[in-house]
Q: 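Following this message is one structure expressed as structure tokens.
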Amino acid sequence: MKQKTLVIALFLCILTGCNISDKPVVRDVWTVEQANEWYAQQGWLRGCNFIPSTAINQLEMWQAETFDPLTIDKELGWAESIGMNCMRVYLHHLAWEVDKDGFKKRMRTYLDVASGHSIRTIFVFMDDCWNPTYAAGRQPEPKPGVHNSGWVRDPGDLIHQDTTLVDVLEPYVKDVLTEFKDDSRIVLWDLYNEPGGSGYGDRSMPLLQKMFRWGRTVNPSQPLSAGVWNGDLTNLNRYQLENSDVITYHNYESKERHQFVVDSLRRYIRPLICTEYMARRNNSTFQDIMPLLKTENIGAINWGLVAGKTNTIFAWDMPLPDVTEPPLWFHDIFRKDGSVYSQEEVDVIKALTSEQ
């Protein structure tokens, strides 16, 4: 009887065209209408790329022994005080691999703290920037005057040396996305920061493609994106723009150059969020860029909140090992004691954010 029932069920399945494939369902990219409807509900997003001043890199932020919710709470309070409502925060697969449940618990703690300050979050998965290798446990001390001396890529050179690493990355990405797929405190998932960076070029394409496939398989309620950042990376740029639900991008140039990028991206008719800007030496300033982004209704996420172990007050390519504080900060807004680098800048930020 059981065999007969199974045969009938299979026959009916064939007649009705049901899908008995084991292949996971991968959703389509959001339509332009879906993307714009979502964006209309968000309000103007403005904030910073955030890591607490006590962490030199993503691992020091998220590992159990150095996770620092007290500093996170204090520093996000300063962000709230100037009207910021969105932080972009980097994750790292190794912290998850070492302690899966603890990692997700710390993510929840971070989200609890951030939401207590009316701040939502953009989480970042992969990253092709800075140091190519990494290890769990104690992280290095900052190199004096060197920008991001301890920041680590994810997955870095290892992905090009060990193809089995994807067997770790796929469950990592899917686990985190599944855990937080309906958490309204998360604005969007930034799947891959600056793919092709550090000279990888198109070698980053296979992982980028996997990230979007894994993300669309989980199908979180939040949009998926990977920001364009280098006009020379033609193949990567095309893939990112065609597969992102909403368009994110980086620009550290002057107002005129930034406007040119905005105008070029408008042809996609999707919401725009600038997930990195503000490098004072490059004429990318709060005074010039933040009003532009507000006028254009573009999310404005600058690099850096509090000067700390990342040393991002120093420029990318200009180490100053004998200087405690450069006369012109490259990034960041606050010192570790809560005082500001520039009251003029903070006044501009508060004026723009108080108009909401």
Side-chain angles (χ1 to χ4, degrees), residues 30 32-50 75-89 111 114-124 183-190 221-229 244-255 257-279 284-305 331-334 340 342 344-356:
W30 280 5
V32 168
E33 291 75 19
Q34 281 177 294
N36 286 304
E37 181 180 353
W38 170 84
Y39 195 61
Q41 300 170 9
Q42 306 309 309
W44 183 43
L45 300 169
R46 66 273 183 177
C48 307
N49 283 264
F50 175 72
E75 294 179 354
L76 292 185
W78 297 339
E80 180 187 22
S81 73
I82 59 174
M84 300 300 199
N85 65 8
C86 181
M87 296 290 126
R88 181 172 180 253
V89 177
L111 288 168
S115 64
H117 294 289
S118 301
I119 288 172
R120 299 169 68 208
T121 300
I122 297 169
F123 280 122
V124 186
D183 196 319
S184 62
R185 298 171 297 181
I186 298 172
V187 176
L188 67 80
W189 298 97
D190 193 337
S221 59
Q222 310 94 341
L224 307 173
S225 187
V228 290
W229 65 283
S244 292
D245 296 321
V246 300
I247 292 175
T248 56
Y249 71 95
H250 299 173
N251 189 279
Y252 286 107
E253 298 178 291
S254 66
K255 181 179 179 179
R257 291 296 303 166
H258 199 128
Q259 183 71 64
F260 175 82
V261 170
V262 169
D263 293 342
S264 69
L265 292 174
R266 283 296 187 198
R267 65 190 178 93
Y268 293 93
I269 327 174
R270 289 180 180 269
L272 300 179
I273 301 174
C274 180
T275 49
E276 290 189 26
Y277 79 99
M278 210 291 288
S284 177
T285 64
F286 287 115
Q287 293 93 325
D288 283 343
I289 306 302
M290 200 171 184
L292 181 158
L293 296 175
K294 184 175 183 181
T295 299
E296 294 277 359
N297 192 27
I298 296 172
I301 314 298
N302 71 275
W303 190 277
L305 180 65
H331 298 314
D332 300 315
I333 301 170
F334 292 94
V340 300
S342 168
E344 177 187 351
E345 288 180 344
V346 168
D347 290 343
V348 168
I349 294 168
K350 292 173 75 171
L352 291 167
T353 59
S354 65
E355 294 171 3
Q356 298 302 298

Q: What's the separation between atom CD in Glu276 and atom CH2 in Trp229, rounded to the nearest 0.5 Å?
A: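 If I round to the nearest 0.5 Å, the distance is 10.0 Å.
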Q: Taking all heavy atoms of Asn297 and all of Tyr39, pick out the closest pair and write down the distance.
A: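 Heavy atoms of Asn297 and Tyr39 come nearest at O-OH, 2.9 Å.
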Q: Measuring from atom CE of Met278 to atom OG1 of Thr285, what distance do you get when rounded to the nearest 0.5 angstrom?
A: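 That separation rounds to 8.5 Å.
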Q: Can Gln222 and Trp189 be said to form a side chain to side chain donor-acceptor pair (under 3.5 Å), step by step?
A: CA-CA 7 Å; Gln222 310 94 341; Trp189 298 97; 2.9 Å; yes
Q: Are Leu45 and Ile273 close enough, and set up right, to give a side chain to side chain contact (heavy atoms under 4.5 Å, CB included), and what steps lead you there?
A: CA-CA 8 Å; Leu45 300 169; Ile273 301 174; 4.0 Å; yes
Q: How about Arg266 and Leu272: do any of their side-chain heavy atoms sit closer than 4.5 Å?
A: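 Yes; the side chains approach each other to less than 4.5 Å.
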Q: Who passes side-chain hydrogen bond (donor to acceptor under 3.5 Å, both in side chains) against Asn251, sequence neighbours left out?
A: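 Asn251: side-chain hydrogen bond (donor to acceptor under 3.5 Å, both in side chains) contacts with Glu253, His258.
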Q: Is there a side chain to side chain contact (heavy atoms under 4.5 Å, CB included) between Trp38 and Val246 once you walk through the steps?
A: CA-CA 9 Å; Trp38 170 84; Val246 300; 3.8 Å; yes
Q: On the 0 to 90° scale, with breaks at 30° and 60°, tag the Tyr277-Phe286 ring pair as parallel, tilted or perpendicular.
A: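 Rings of Tyr277 and Phe286: perpendicular, over 60°.
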Q: Counting N and O atoms only, with roles assigned by atom type, does the side chain of Asp183 sit under 3.5 Å from a partner on the main chain of Arg185, one being a donor and the other an acceptor?
A: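 Judged by distance alone, yes, a pair lies under 3.5 Å.
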Q: Do Leu188 and Phe123 come close enough that some side-chain heavy atom pair is under 4.5 Å?
A: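 The answer is no; the side chains never approach within 4.5 Å.
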Q: Would you say the side chain of Asn302 lies within less than 4.5 Å of the side chain of Ile333, judging by non-hydrogen atoms?
A: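 When only atoms from C-beta onward are counted, Asn302 and Ile333 do touch, with a gap below 4.5 Å.
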Q: Under 3.5 Å, sequence neighbours excluded: what are the donor-acceptor pairs made by side chains of residues 114-122?
A:
| residue | atom | partner | partner atom | Å |
| --- | --- | --- | --- | --- |
| Ser115 | OG | Leu111 | O | 3.0 |
| Ser115 | OG | Asp112 | O | 3.0 |
| His117 | ND1 | Glu80 | OE1 | 2.8 |
| His117 | NE2 | Asp73 | O | 3.1 |
| His117 | NE2 | Asp73 | OD1 | 2.6 |
| Arg120 | NE | Ser184 | O | 3.1 |
| Arg120 | NH1 | Gln42 | OE1 | 2.7 |
| Arg120 | NH2 | Gln42 | OE1 | 3.1 |
| Arg120 | NH2 | Ser184 | O | 3.4 |
| Thr121 | OG1 | Tyr110 | OH | 3.0 |

Q: Would you check if the side chain of Asn36 reaches a backbone N or O of Ile269 as a donor-acceptor pair within less than 3.5 Å?
A: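 Yes: the side chain of Asn36 pairs with the backbone of Ile269.
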Q: Should Trp303 and Arg88 be marked as a side chain to side chain contact (heavy atoms under 4.5 Å, CB included) after you check the CA-CA gap, both sets of side-chain angles, and the distance that decides it?
A: CA-CA 9 Å; Trp303 190 277; Arg88 181 172 180 253; 4.2 Å; yes
Q: List the atom of Val346, the atom of Ile82, and the distance in Å for their closest heavy-atom pair.
A: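 Heavy atoms of Val346 and Ile82 come nearest at CG1-CG2, 3.7 Å.
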Q: Side-chain contact, heavy-atom cut-off 4.5 Å: Asp190 with Ser225?
A: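 No, their side chains stay 4.5 Å or more apart.
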Q: Output, in order, the C-alpha distance, side-chain angles, deciding distance and verdict of side chain to side chain contact (heavy atoms under 4.5 Å, CB included) for Phe50 and Ile301.
A: CA-CA 10 Å; Phe50 175 72; Ile301 314 298; over 6 Å; no
Q: Are Arg46 and Leu352 packed together at the side-chain level, in the sense that at least one heavy-atom pair is separated by less than 4.5 angstrom?
A: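 No, side chains not in contact.
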Q: With a sphere of 6.0 Å drawn around CD of Gln287, does it hold more than 12 non-hydrogen atoms of other residues, nucleotides or ligands?
A: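 Correct, the count exceeds 12.
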Q: Considering all heavy atoms of both residues, which atom of Val32 and which atom of Arg270 are nearest to each other, and what is their separation?
A: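 That would be N-NH2, 3.9 Å.
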Q: Taking the side chain as every heavy atom from C-beta outward, state whether Met290 and Thr295 have any atom pair closer than 4.5 Å.
A: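 A side-chain contact under 4.5 Å is absent here.
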Q: Taking all non-hydrogen atoms of both residues, which atom of Gly304 and which atom of Cys48 are closest, and how far apart?
A: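 In terms of heavy atoms, the two residues are closest at O-SG, 3.8 Å.
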Q: Do you know the tightest heavy-atom contact between Cys86 and Val187?
A: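 Scanning both residues completely, I find the closest heavy atoms to be SG-CG2, 4.0 Å.
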Q: Find out whether Tyr249 and Thr275 are in side-chain contact, i.e. whether some heavy atom of one side chain is under 4.5 Å from a heavy atom of the other.
A: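 Not in contact.
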Q: If I compare all heavy atoms of Trp44 with all of Ile298, which pair ends up nearest, and what's the gap?
A: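 Trp44 and Ile298 have their closest heavy atoms at NE1-O, 2.8 Å.
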Q: Could you state the interatomic distance from OG (Ser284) to NE2 (His331), rounded to the nearest 0.5 Å?
A: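 Spacing of OG (Ser284) from NE2 (His331) equals 9.0 Å.
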Q: Does some side-chain heavy atom of Met87 sit less than 4.5 Å from a side-chain heavy atom of Leu76?
A: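 Contact flag for Leu76/Met87 side chains = yes.
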